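Convention: sequence-line order gives letters A, B, ...; per-chain numbering from 1. The model shown is predicted, which means the values in this text are computed figures rather than measured ones.
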Protein chains: 2
Amino acid sequence: MNDESCDMRGMLGFLILFLVSKKPMHGKEIADEIAKRKGEKPSPGTLYPAIKNLREAGFLEEKKEGKTITYALTPSGKKALTVAKRKFCNIFLGVFP
Amino acid sequence: MNDESCDMRGMLGFLILFLVSKKPMHGKEIADEIAKRKGEKPSPGTLYPAIKNLREAGFLEEKKEGKTITYALTPSGKKALTVAKRKFCNIFLGVFP
DNA sequence: CAGCTTATATCGGTCATCCGATATATATAA
DNA sequence: TTATATATATCGGATGACCGATATAAGCTG
């Protein structure tokens, strides 16, 4: 637990799913978007395994374009996100003003 | 990472701070409220150490009434919650409809 | 008082998240 | 071509959140 009692550990997969649902992105873009929201960029050793998990779970599909790989939600990923969002909103009901 | 890609690990301290900010509560009440939101009750071995951390961080004060201990936010706890809430809303902007 | 329930607390161990360092591969520059 | 930068990926290790079992302590009931 850090000073703000909110290290958000365990939320990275959810956050990636959500960000990619807004717009297909490649890894670097995801990292930058997280940095913008969170204040610090996840290390490659954090981000890419998380992406890999989501891909192996069947939630993300990738399109390789040269050096970069653009990730998008699969139908199964959309469904998983819907479930996770509902749970998330339930748990944190009232937190957001 | 679980099936829904959202196990919320690391959010317990934040959630406790938030719940207690709505209304001073004792441990059992906190556990029940979390169970209602989350679907499963945190085990005593999870909840009470988390409360202890918050108390030792100076965020919670306790009032003992017989067997039960009612927890409330300290001024420092209120400030910590404000900071954490701002961060939380920033990170998850757009998730809640 | 004795026995049972409830609330709080601790301990040991497990597991997953995360980071830093490093590796690979593709693109760009000189 | 050689060198450099960028994007993706993996590995080892550390941290700490979490659970189950167990312990303490206070109330209730007989």
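The nearest whole Å value for the distance from the CG atom in B/N53 to the P atom in D/dT15 is 16 Å. One atom, CD of A/E56, and another, C1' of D/dT10, lie 12 Å apart when rounded to the nearest Å. Between the P atom of D/dG20 and the NZ atom of B/K41 lies a distance of 13 Å, rounded to the nearest Å. One interatomic measurement links the two molecules: OH of B/Y48 to P of D/dC19, which rounds to 14 Å at whole-angstrom precision. If you measure from atom NZ of A/K67 to atom P of C/dT28, you get 7 Å, rounded to the nearest angstrom. Look at NZ on A/K64: it is 9 Å from P on C/dA25, rounded to the nearest Å. In this structure, A/D32 places its CG atom 12 Å from P of D/dT6, rounding to the nearest Å. Across the protein-nucleic acid pair, A/R55 atom CZ and D/dT10 atom P stand 7 Å apart, rounded to whole Å.
For A/K52 and D/dA9, the shortest distance from a side-chain N or O to OP1 or OP2 is not below 4.0 Å.
Atom CG of B/L73 is separated from atom CD of B/E61 by 8.5 Å, given to the nearest 0.5 angstrom. Taken to the nearest 0.5 Å, the CD1 atom of A/I16 stands 12.0 Å off from the CD atom of A/E33.
Distance from the side chain of B/S43 is smallest to D/dG20 among C/dT8, D/dG20, C/dC18. Candidate nucleotides D/dA9, D/dA7, C/dT8 were compared by shortest atom distance to the side chain of B/T68, and C/dT8 ranks first. For A/T46, the side-chain atoms get nearest to C/dC18 when compared with the rest of D/dC18, C/dC18, C/dT8. Comparing D/dC19, C/dT8, D/dC18 by their closest approach to the side chain of B/K28 singles out C/dT8.
None of B/L17, B/V20, B/L81 except one satisfies the side-chain contact (heavy atoms from CB on, under 4.5 Å) rule with B/F59; the exception is B/L17.
Backbone-only engagement by A/G66 is indicated by non-hydrogen atom pairs under 4.0 Å involving sugar-phosphate atoms exclusively.
By the 30° and 60° cut-offs, the orientation of the rings of A/F14 relative to B/F92 is tilted.
Tracing side-chain contacts under 4.5 Å through hydrophobic residues (I, L, V, M, F, W, Y), one never reaches B/L93 starting from A/F88; they form parts of separate clusters.
Toward the 5′ end of DNA chain D lies the nearest nucleotide of B/L47, the other residue of the pair B/L47 and B/E65 mapping further downstream.
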